[in-house]
> 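One structure, pasted below without further comment.
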Protein chains: 2
Amino acid sequence: MKNHLLTYGSFSEYEIDKIVNEYSEELTFKKRDYIVTAGEVSHYQYFILEGCMRGFIIDYQGKEHNIIFGFEDFWFGDMESFDSGKAAIYNFQALEPLKLLAISKENWDKISTEIPSFIAYKCKLFQNAMMFQQMRIAEHLTQSAEQRYYNLLQKYPDVIFRISLKNIASYLGISPEFVSILRKRAVQK
Amino acid sequence: MKNHLLTYGSFSEYEIDKIVNEYSEELTFKKRDYIVTAGEVSHYQYFILEGCMRGFIIDYQGKEHNIIFGFEDFWFGDMESFDSGKAAIYNFQALEPLKLLAISKENWDKISTEIPSFIAYKCKLFQNAMMFQQMRIAEHLTQSAEQRYYNLLQKYPDVIFRISLKNIASYLGISPEFVSILRKRAVQK
DNA sequence: GTAATTTCTTAAACTACTTCAAGAATTTAG
DNA sequence: CTAAATTCTTGAAGTAGTTTAAGAAATTAC
């Protein structure tokens, strides 16, 4: 996390130490464990030290839809629940054994007041997240399922080794069967 | 804009005055005018005082896809171009006669250093934008075209009076012809 | 190490939505 | 006020992607 803080923000050694060692706690989860469950209130923000996870939403039919994947050096959490104290709408689940740093709402607020440059850091992260999501919407509007699949593989070639076809399909908004067909097509070419 | 600054940030009268009167310039655009053109560098962030606009992207076939609409009290701009100085990828075009406040990169940076609480304000805005986009992705993954259309009408009933069917269709990622069919269906019920 | 569970593949039938085309209605421009 | 341009509607034909079902392959669990 130290590297990440230094890359996206400007902190003193002392401040970094405070954030990482005083205000964060290290947590581990097994594969398939839930870090955040929709319907429950989430009081933490999480930073991935090791492993990967998915964030998903459950629709009115009970189907799961992946909204996001997170790998090393990635912040996540149900921001809305964290801020408002209302029930989370997203689920976050470990796809590999996960090692996280967790910061409670209480400590998060302390950091924000005690370390002014943390706000600029947050700002940068939200901005990046916003631009990322906007690009993802653009991709949904401009590309076919097939194009979205190849686009993902090209942008994140290693994803395929860590995320199951089923989860990739869900993230892209395609049925797993159709991804299977696309794979076959690619082989035949 | 003053109201918006006070709602989402905490500023003194003096600071607000400085932002609005010293660092912003008022611009007007006619309907169909481009505020930002993809391919050109954009050095401004814009705040809508009156009117509405669309942000869109052009795909490899030359087709336009609406990414966003903005009404009164809305900030917009090609954030990526503004930040990096590279060419914008989004177009922004007036859908009604537009009255804007524009803040140049230079002044934007001045505000950020001279008025510390502006960063927290920005942070809040980016966070809201991020959550909004995330919800939009969730809607694309969980809902059919028909559901997305009704969902939009329910959430923003007045949109229909200000935005053409064609532009609504583009925003939802549906063909205008199909929206026409949906409208007919709704009337028949 | 074996049974149980989950993931992936394949194929056939289906459908939500698109594309194309052409006319009607509305808006814009001079 | 009229012509030109754009937007909206309707219908018919087409297709990208879904659904269902069932077996094969891989992974998980004890």
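Below, chains carry the letters A, B, ... as their sequence lines are ordered, and counting in each starts from 1. Side chains are part of it too, since the values below use all heavy atoms of this structure and drop only hydrogens, waters and symmetry mates.
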> Atom NE2 of B/His140 and atom C1' of C/dC17: how far apart are they, to the nearest Å?
14 Å

> For the pair B/Arg162 and B/Glu72, find out whether any cationic side-chain nitrogen is under 4.0 Å from an anionic carboxylate oxygen.
yes

> Can you tell me how far P of C/dT19 sits from CD1 of B/Ile181, to the nearest Å?
13 Å

> Which part of the nucleic acid, if any, lies within reach of B/Arg32 when heavy atoms closer than 4.0 Å are counted: base, sugar-phosphate only, or nothing?
sugar-phosphate

> Taking A/Ser104's backbone N and O only, do any of them form a donor-acceptor pair with A/Asn107's side chain (distance below 3.5 Å, no angle check)?
no

> Looking only at the side chain of A/Lys166 (C-beta and beyond, no hydrogens), which of the listed nucleotides C/dT7, D/dT7, C/dA21 gets closest?
C/dT7

> Taking any heavy-atom pair under 4.0 Å as a contact, classify B/Ile174: base, sugar-phosphate, or nothing.
sugar-phosphate

> Starting from P on C/dC8, measure out to CZ on A/Phe178 and report it in whole angstrom.
17 Å

> Indicate, with a heavy-atom threshold strictly under 4.0 Å, whether A/Ser164 touches base, sugar-phosphate, or nothing.
sugar-phosphate

> Atom CG of A/Leu165 and atom P of C/dT9: how far apart are they, to the nearest Å?
6 Å

> May I ask you to decide whether A/Lys30 forms a salt bridge with A/Glu96, counting only side-chain N to carboxylate O separations under 4.0 Å?
no

> Provide, to the nearest angstrom, the distance between the CD1 atom belonging to A/Ile163 and the C1' atom belonging to C/dT7.
14 Å

> Both A/Asn167 and B/Gln143 contact DNA chain C. Taking the nearest nucleotide for each, which residue is further toward the 5' end?
A/Asn167

> Would you mind reading off the distance between A/Leu182 atom CG and D/dT18 atom P, rounded to a whole angstrom?
9 Å

> Is there a side-chain polar atom (N or O) of A/Arg183 under 4.0 Å from OP1 or OP2 of C/dT9?
yes

> Check whether any side-chain N or O of A/Lys184 sits under 4.0 Å from OP1 or OP2 of C/dA11, and answer yes or no.
yes

> Just do the salt bridge (Lys or Arg N to Asp or Glu O under 4.0 Å) check on A/Lys86 and A/Asp78 with the steps written out, would you?
CA-CA 10 Å; A/Lys86 289 179 193 162; A/Asp78 188 301; over 6 Å; no

> Quick one: A/Glu177 CD to C/dA12 P, roughly how many Å, whole number?
15 Å

> To the nearest angstrom, how far is A/Lys63 atom NZ from D/dT20 atom C1'?
11 Å

> Stepwise, does the salt bridge (Lys or Arg N to Asp or Glu O under 4.0 Å) test hold for B/Glu139 with B/Lys155?
CA-CA 13 Å; B/Glu139 283 164 2; B/Lys155 265 192 186 163; 2.6 Å; yes

> Looking at every strand, decide which applies to A/Lys31 at a 4.0 Å heavy-atom threshold: base, sugar-phosphate, or nothing.
sugar-phosphate

> Under 4.0 Å, counting only non-hydrogen atoms across every strand here, what does A/Lys30 touch: a base, just sugar-phosphate, or nothing?
nothing

